[in-house]
Amino acid sequence: MLITFEGIDGSGKSTQISLLKEKLIQLGHQVEVFREPGGTDVSEMIRGMLLNPDLEIDPVTELLLFSSARSQLIAEKVRPLLEENVIVILDRFYDSTIAYQGYGRKSMPIEQIHQINAAATKNLVPDFTFYLRLSLDEAAERTKNFEKDRMERAGDSFYKRVFEGFEHLAKTEPRFKTINAEKDIDVIHQNIFNELEAEL
Ligand code: ADP
Ligand code: TYD
């Protein structure tokens, strides 16, 4: 089973993923978590480039680098684990490319990005996508003391478009489960687990 988490920076993905992982392990499942971009030597090296504030990266190059990091992760780690019936949880997946590079940067037409996403993953589709929905103001409040990487230095209008991108995906992709991320950490965890429980 492939479970992905999406949402703007600071929406609580890492927090919820570690709680979910713990819960699934307690129930006797094998679980592996990867963050995107990252998770393999090649993908972590690409991550270093993508988040380095000293680099200026062309928007199309940026999109292809995120996709390259992803194709390596899927081929090297995710597919083999899924074949062994391990539950794989991804901290971001190709929906982030639609939201950030498609809506945020307007790098390419959205339809073309869907095609690149399918090519990079050989048509892998998550079983569940949890969209942690949080306002931009609340996310900014939660992360105000964090150091900003290259992506996070983009302006407010960029983040508004990213948010709209996720909202559009939530309305159009049936696999998206929208979770109110303004609630307390434990309540959100329970809501996520409730969605999954019947399928485990
Ligand atoms: P993401 O991985 O989506 O960037 P994090 O899980 O790192 O988000 O959370 C960002 C910050 O918000 C962290 O300091 C975390 O402790 C805090 N946080 C996470 N969930 C909540 C919540 N439900 N309510 C308040 N603060 C939260
Ligand atoms: P990270 O620190 O992992 O995310 P978060 O702030 O949510 O904890 O940084 C990854 C950054 O890369 C984040 O700003 C989102 C961005 N990103 C894209 O622009 N496109 C993508 O396809 C992915 C996977 C991430």
Side-chain angles (χ1 to χ4, degrees), residues 4-22 33-40 43-44 46-53 55 57-74 78 89-108 110 112-114 116-121 124 126 129-156 158-163 165-166 169 179-192:
T4 63
F5 278 74
E6 297 286 358
I8 54 173
D9 305 70
S11 54
K13 297 181 295 303
S14 319
T15 304
Q16 291 303 325
I17 287 170
S18 60
L19 289 173
L20 180 62
K21 178 181 180 183
E22 212 175 292
V33 172
F34 300 103
R35 66 171 179 184
E36 275 223 27
T40 72
S43 313
E44 289 291 337
I46 296 173
R47 180 186 176 89
M49 289 191 256
L50 281 166
L51 301 186
N52 183 342
L55 296 180
I57 304 182
D58 163 80
V60 174
T61 308
E62 177 183 286
L63 191 157
L64 295 173
L65 283 172
F66 276 112
S67 303
S68 300
R70 176 168 308 127
S71 66
Q72 186 68 29
L73 173 66
I74 300 306
V78 175
I89 305 178
L90 296 182
D91 190 339
R92 299 190 178 282
F93 193 42
Y94 48 39
D95 300 301
S96 282
T97 307
I98 299 284
Y100 284 78
Q101 280 65 53
Y103 283 79
R105 295 261 196 254
K106 303 181 179 169
S107 312
M108 264 184 212
I110 301 296
Q112 241 176 327
I113 303 179
H114 279 297
I116 290 174
N117 286 346
T121 61
L124 186 62
T129 296
F130 291 107
Y131 166 41
L132 299 191
R133 185 172 194 272
L134 188 66
S135 71
L136 288 165
D137 287 347
E138 180 61 28
E141 182 59 31
R142 286 186 191 173
T143 57
K144 65 182 175 201
N145 297 324
F146 296 8
E147 205 185 320
K148 295 212 175 339
D149 62 40
R150 193 185 63 83
M151 294 301 298
E152 287 160 343
R153 289 172 190 221
D156 287 355
F158 171 83
Y159 271 98
K160 270 198 191 119
R161 292 198 299 274
V162 170
F163 181 81
F166 280 126
L169 285 166
I179 302 290
N180 180 350
E182 303 201 356
K183 298 203 183 277
D184 287 346
I185 289 173
D186 292 344
V187 174
I188 299 170
H189 170 63
Q190 196 54 51
N191 290 344
I192 290 171

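What you are looking at is a predicted structure, and each value in this text was computed from that prediction instead of being measured. We number each residue from 1, following the sequence as shown. We count ligands from 1, going down the list as the structure has it; atoms in each ligand are counted the same way.
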Looking at E44 and R35, is there a salt bridge between them, counting it only when a charged N and a carboxylate O are closer than 4.0 Å? yes
Which heavy atom of the protein is the closest neighbour of atom 3 (O) of ligand 2, given with residue, atom name and distance? R47 NH2, 3.1 Å
So is F5 touching ligand 1 or not, going by heavy atoms under 4.0 Å? no
Measuring to protein heavy atoms, does anything land under 4.0 Å from atom 7 (O) of ligand 2? yes
With a 4.0 Å cut-off on heavy atoms, is R35 touching ligand 2? no
Identity and distance of the protein heavy atom lying nearest atom 4 (O) of ligand 2: R92 NE, 3.6 Å
Could you identify the single nearest non-hydrogen protein atom to atom 6 (O) of ligand 1 and state the distance to 0.1 Å? T15 OG1, 2.5 Å
shortest atom 24 (N) of ligand 1-to-protein heavy-atom contact is with R142 NH2, 3.3 Å
A student checking ligand 1 against I188 at a 4.0 Å heavy-atom cut-off should list atoms 23 (N)
What's the shortest distance from atom 25 (C) of ligand 2 to any protein heavy atom, and which residue and atom give it? F66 CE2, 3.4 Å
Against heavy atoms of K13, which atoms of ligand 2 measure under 4.0 Å? 7 (O)
For ligand 1, is there an atom lying under 4.0 Å from some heavy atom of G10? yes
Below 4.0 Å from ligand 1: does a non-hydrogen atom of K183 turn up there or not? yes
Please confirm whether R105 makes a cation-pi placement over F158, using NZ or CZ under 6.0 Å from the six-membered ring centre and within 45° of the ring normal. yes
In this structure, atom 22 (O) of ligand 2 is nearest to the protein heavy atom T97 OG1, 2.6 Å
Atom 13 (C) of ligand 1: the protein heavy-atom neighbour that sits closest, reported with distance to 0.1 Å: F146 CZ, 4.0 Å
Between S14 and ligand 2, is there a nitrogen or oxygen pair with a distance under 3.5 Å? no
Against heavy atoms of I185, which atoms of ligand 1 measure under 4.0 Å? 20 (N), 21 (C), 22 (C), 23 (N)
What is the closest protein heavy atom to atom 20 (N) of ligand 2, and at what distance does it sit? Q101 OE1, 2.8 Å
I want to know if ligand 2 touches E152 in the polar sense, i.e. an N/O pair below 3.5 angstrom. yes
What protein heavy atom sits nearest atom 11 (C) of ligand 2, and how far off is it? L51 CD2, 3.9 Å
In terms of residue, atom name and distance, what is the protein heavy atom nearest to atom 24 (C) of ligand 2? R70 NH2, 3.6 Å
Distance col, row I98:CD1 vs I116:CD1, nearest 0.5 angstrom, shows 9.5 Å
